[in-house]
Amino acid sequence: MKPRRLPADFPNILIVLIDDVGPGTPETYGGEVHTPNLSRIAKTGISFNRFHSTAMCSPTRASLLTGRNHTRVGNGQIAELANDWDGFSGTIPKSSGTLAEVLKDYGYNTAAWGKWHNTPAAQTTSKGPFDYWPTGYGFEYFYGFLAGEASQYEPHLVRNTSPVETPEKLDDGSDYHLTGDIADDAILWLREQQAFSPDKPFFMYWATGASHGPHQVPIKWADKYKGRFDDGWDNYRERVFARAKKLGWIPENTKLTTRPDSLASWESIPDDEKPFQRRLMEVFAGFTEHADHHAGRIFNELERQGRLDNTLVFYIWGDNGSSAEGQNGTISELLAQNGIATKIEDHLRAINQLGGLDVLGSAKTDNMYHAGWAWAGSTPYKSTKLVAAHFGGTRQPMAVSWPKRLNADNRPRSQFHHVVDIVPTVYEVLGITPPREINGVPQDPIDGVSMQYTFNQPEAEGERKTQFFDIMGSRAIFHDGWMASTFGPRTPWTPGSPDLSTWDPRDDNWELYNLEEDWSQAHDLAADMPERLRDMKELFLIESTKNKNLPIGGGLWVPVLHPEDKPAPPYTDWTFTGAITRMPEFTAPALGARPNTVTIDAVVPEKASGVLYALGGFSGGLTCYMDDGYLCYEYNLFEIERTKFRSEKRIPAGEVQIEVVSDFELVKPNLVGNIVLKVNGEKVAGGKVPRSAPLTFTANDCLDLGSDLGSPVSEFYYDRKPFEFSGTLNTTKVTYHE
């Protein structure tokens with residue numbers, strides 16, 4: 001029997017992480033989204049108003065779990081857009097062990113739920129390898145999704161290392177929704193943990209997919225906010241700013257930063273588009289309140305069990321600021337990731353065909369609000385998610401409670417801290433010395449600084465003196481109360497991809513702020529203090545070198561410069577036998593972007609129907625299926641453009657060979673596809689796809705053969721999903737050709 005390494009009264013540890021929400025959203029700190037459970041933790045504990053993220057998903061999570069800077073642990077970019085440079089590899093090295101690994105070895109039960117986003121994208125199939133899955137990083141149990149986002153209604157989920165299908169209903173009998181599901185599962189785990197291991201403390205990491213896009217929530221939650229945002233984002237920002245000051249959340253001398261010239265004012269939005277823009281914000285608000293509601297269910301369960309009093313809760317409001325990736329407002333938010341520019345009329349036309357504004361927030365849209373709402377959600381700061389230069393991308397409210405040991409205090413903790421500081425805080429609270437080795441692997445230094453000194457000393461001098469930030473060339477350095485920043489070459493809210501052919505990071509314009517006098521980065525002192533700015537820029541390069549953050553802008557390689565280099569399987573041909581399901585898109589052949597031929601040998605019955613293969617989901621994808629004996633193909637460009645082909649005659653019954661030949665060429669600015677459908681060597685249909693998706697259709701959906709699980713690609717068979725093929729698939733071969 002292993003010796004017990006913990007006293008009996010060691011606290012449980014619970015980290016709640018909400019996704020893509022800025023400091024100006026929760027009512028707890030002045031926003032207008034109802035957050036009673038964030039308020040509950042704040043009122044029973046303390047809050048931090050100068051706590052920071054990295055400005056992006058995977059990087060923040062890697063830092064949070066390891067206590068190291070994001071590029072030190074290979075996460076300078078999200079996992080799906082990783083590259084070969086050390087700081088951007090998308091793989092947390094085993095030399096930077098996670099909090100879960102250490103706590104498990106000290107006797108904790110460890111478990112994680114929801115969004116993970118720290119496994120190399122090409123390693124996410126059911127055949128692993130599993131070294132870099134949650135269970136390979138110290139979590140004894142995981143239930144959630146590995147990618148950066150998921151449909152809230154039809155997600156691709158795994159339990160530990162096995163794909164699982166979602167239940168039809170939640171525990172309360174309501175229709176399925178992902179946030180409710182991970183709360184149900186966490187509550188069951190807590191009950192089992194109490195029953196099976198009552199002598200063990202636990203570490204829970206509960207990370208919602210909300211409020212990352214797609215913004216999806218039952219309509220009753222969105223309807224709670226009807227009319228609340230009718231006067232637009234500029235006025236919302238004014239109200240939140242005044243309320244945050246009144247609450248004492250921000251200093252009285254804080255200045256409200258101005259709207260960037262590149263971001264539309266509410267007044268400039270045409271009146272006929274405003275109902276769409278308002279509804280997008282109502283859906284986001286309902287979605288966000290819904291996430292807080294389900295976090296509260298976990299708190300309630302711990303209270304019922306008598307364990308909340310001795311649970312150290314970190315409720316982190318955002319892995320980065322509010323997201324501007326919806327750009328001008330969208331019904332399919334991966335348009336932005338693919339650099340495809342659209343007009344609002346495209347979205348309105350598509351939404352009207354689907355049923356009007358009430359369909360927003362449903363399984364039929366992957367909607368995301370206008371970037372103006374994200375900017376408003378970042379009040380009083382500049383910018384949004386993906387901007388590491390400004391606090392609108394990096395400043396995250398955090399509430400911490402531990403009723404048994406931490407006195408409730410409504411005075412904000414204003415010491416400058418960062419997500420890397422969570423791990424050393426837990427270690428100090430528990431009296432753990434960071435291990436020199438984990439599983440025989442020597443460990444890297446921890447970059448974080450414990451925040452425990454602030455728990456009962458709200459006015460204590462801050463102990464974090466330096467912190468660097470960099471996401472895709474948007475970068476900053478904090479040192480002794482000063483911040484030097486440069487915006488970078490990419491504006492998240494501007495549609496399309498930037499031209500980087502002449503960009504040189506050495507020529508970027510830098511800003512300088514005295515944060516002791518200028519809370520919100522409102523007054524740029526660069527022109528007044530060139531020597532200090534020079535020293536800060538040099539310090540940034542020193543920190544970048546120490547933390548593998550070179551080359552500057554390394555994270556831009558895949559999303560902007562070379563989409564063809566995205567993480568992908570090493571194969572150029574595949575052979576599938578029979579029906580195969582749930583092959584994550586990033587591990588599957590790129591049927592919608594690389595020249596390829598799909599050859600299907602099948603037994604086709606009379607008037608056959610059903611899916612032969614489908615990649616992606618309703619928000620974007622492609623599918624080849626049969627309908628009443630006719631061969632059909634659809635390329636769904638993110639709902640705004642659907643290209644369809646159908647054979648003129650029925651396909652003969654019996655043993656049949658079906659070929660789909662896809663050729664793609666760049667006709668700037670579009671990737672154009674030419675599709676030919678053949679049966680037994682003869683062309684039966686085909687034509688041109690005017691625009692294709694160069695990067696990816698989805699973050700979390702899959703390739704299926706013989707059916708279309710998860711979110712169905714085509715509206716044609718939406719009500720018949722998964723629309724299983726009525727015949728027999730023998731073999732399906734995919735071959736790339738150039």
Side-chain angles (χ1 to χ4, degrees), residues 80 114-115 124 144-158 163-168 175-182 209-210 212-218 283 287 330-335 337-338 347 350-351 353-355 359-368 579-588 591-592 610-625 632-642 644 693 695-725:
E80 296 91 340
K115 176 174 171 176
T124 56
F145 59 98
L146 297 174
E149 65 177 63
S151 166
Q152 296 293 308
Y153 300 111
E154 297 154 321
H156 168 49
L157 299 181
V158 296
V164 293
E165 295 305 312
T166 60
E168 289 188 9
D175 290 338
Y176 182 85
H177 190 279
L178 177 55
T179 313
D181 185 18
I182 61 172
H212 195 289
H215 299 163
Q216 296 174 322
V217 74
V283 172
F287 186 35
T330 183
I331 64 166
S332 196
E333 43 94 17
L334 279 183
L335 281 162
Q337 297 279 9
N338 281 273
H347 300 261
I351 202 78
Q353 291 171 351
L354 291 170
V359 82
L360 293 172
S362 75
K364 285 192 172 182
T365 57
D366 269 24
N367 49 275
M368 201 168 178
I580 299 290
T581 60
R582 292 310 205 186
M583 186 177 192
E585 183 175 346
F586 274 86
T587 70
L591 301 179
V611 171
L612 298 171
Y613 65 88
L615 176 67
F618 198 78
S619 62
L622 59 82
T623 178
C624 183
Y625 63 93
C632 307
Y633 177 96
E634 179 176 332
Y635 197 108
N636 170 4
L637 186 78
F638 304 108
E639 301 193 60
I640 63 167
E641 201 168 85
R642 293 177 183 267
K644 304 175 184 180
L695 193 61
T696 184
F697 287 121
T698 69
N700 190 55
D701 220 309
C702 300
L703 171 67
D704 295 319
L705 283 72
S707 63
D708 190 353
L709 296 177
S711 176
V713 172
S714 177
E715 189 177 15
F716 173 78
Y717 56 77
Y718 186 90
D719 294 328
R720 290 188 281 174
K721 60 185 178 184
F723 200 36
E724 294 183 13
F725 179 50

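In what follows, residues are counted from 1 in the order of the sequence shown.
Side-chain contact check for Phe638 versus Gln337: every heavy-atom pair is 4.5 Å or farther apart. Using a 4.5 Å cut-off on side-chain heavy atoms (C-beta onward), Tyr633 and Lys644 make no contact. Between Tyr635 and Arg642 there is no side-chain heavy-atom pair separated by less than 4.5 Å. Leu354 has its side chain within reach of Glu639: a pair of non-hydrogen atoms, C-beta onward, lies under 4.5 Å apart. Considering only heavy atoms from C-beta on, Ser332 stays 4.5 Å or farther from Ile640 through its side chain. Side-chain atoms of Gln152 and Pro214, non-hydrogen and from C-beta on, never get closer than 4.5 Å to each other.
The minimum heavy-atom distance linking Ala210 with Thr179 is given by the pair CB-OG1, 4.2 Å. Residue Ala699 comes nearest to Leu334 through the heavy atom pair N-CD1, 3.7 Å, listed as atom of the first residue, atom of the second, then distance. When all heavy atoms are compared, the tightest approach of Val283 to Gly361 is CG1-CA, 3.8 Å. The two residues Thr581 and Ser707 come nearest to each other via the heavy atoms CG2-OG, 3.8 Å. Closest of all the heavy-atom pairs between Asp181 and Pro167 is OD2-CD, 4.0 Å.
Note that the NE2 atom of His215 and the CZ atom of Phe287 stand 6.5 Å from one another [nearest 0.5 Å]. Interatomic distance, OH of Tyr176 versus CD of Glu168, reported as 12.0 Å (0.5 Å rounding). Leu360 CG to Ile331 CD1: the interatomic distance, rounded to the nearest 0.5 Å, is 8.0 Å. The structure places CG of Leu157 at 6.0 Å from CG of Leu178, a figure rounded to the nearest 0.5 Å. We find the OH-OG distance between Tyr153 and Ser711 to be 12.0 Å, quoted to the nearest 0.5 Å.
Side-chain atoms of Glu149 never come within 3.5 Å of backbone atoms of Asn700 as a donor-acceptor pair (strictly under, hydrogens ignored). When atom types are taken as modelled, the side chain of His347 and the backbone of Thr330 share no donor-acceptor pair closer than 3.5 angstrom. For Glu585 (side chain) and Phe697 (main-chain N/O), a donor-acceptor pair under 3.5 Å exists by modelled atom type.
Partners of Lys364 according to the side-chain hydrogen bond (donor to acceptor under 3.5 Å, both in side chains) rule, which considers only residues two or more places apart in sequence or in another chain, do not exist here. With sequence neighbours excluded, the residues that form a side chain to side chain contact (heavy atoms under 4.5 Å, CB included) with Ser714 are Thr623, Tyr625, Glu634, Phe716, Tyr717. Judged as a side chain to side chain contact (heavy atoms under 4.5 Å, CB included), and not counting sequence neighbours, the contacts of Thr587 are Thr124, Thr125, Met583, Pro584. With sequence neighbours excluded, the residues forming a side-chain hydrogen bond (donor to acceptor under 3.5 Å, both in side chains) with Asp175 are Lys169, listed by chain and number.
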Tell me, with the steps shown, if Leu709 and Glu165 meet side-chain contact (heavy atoms from CB on, under 4.5 Å). CA-CA 9 Å; Leu709 296 177; Glu165 295 305 312; 4.2 Å; yes
Dump the intermediate steps for side-chain contact (heavy atoms from CB on, under 4.5 Å) on Leu591 and Leu703, then the final yes or no. CA-CA 10 Å; Leu591 301 179; Leu703 171 67; 4.1 Å; yes
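Listed by first then second residue, pairs satisfying salt bridge (charged side-chain N to carboxylate O under 4.0 Å, His left out) with a partner in residues 697-711 read Arg582-Asp701, not counting sequence neighbours.
Enclosure of atom CD in Glu641 by more than 12 non-hydrogen atoms of other residues, nucleotides or ligands within 6.0 angstrom is indicated.
Taking 4.0 Å as the cut-off between side-chain N and carboxylate O, Glu154 and Lys721 count as a salt-bridged pair.
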Side-chain donor-acceptor contacts of residues 610-619 below 3.5 Å, not counting sequence neighbours, with atom names and distances?
from	atom 1	to	atom 2	distance (Å)
Ser619	OG	Asp366	OD2	3.0

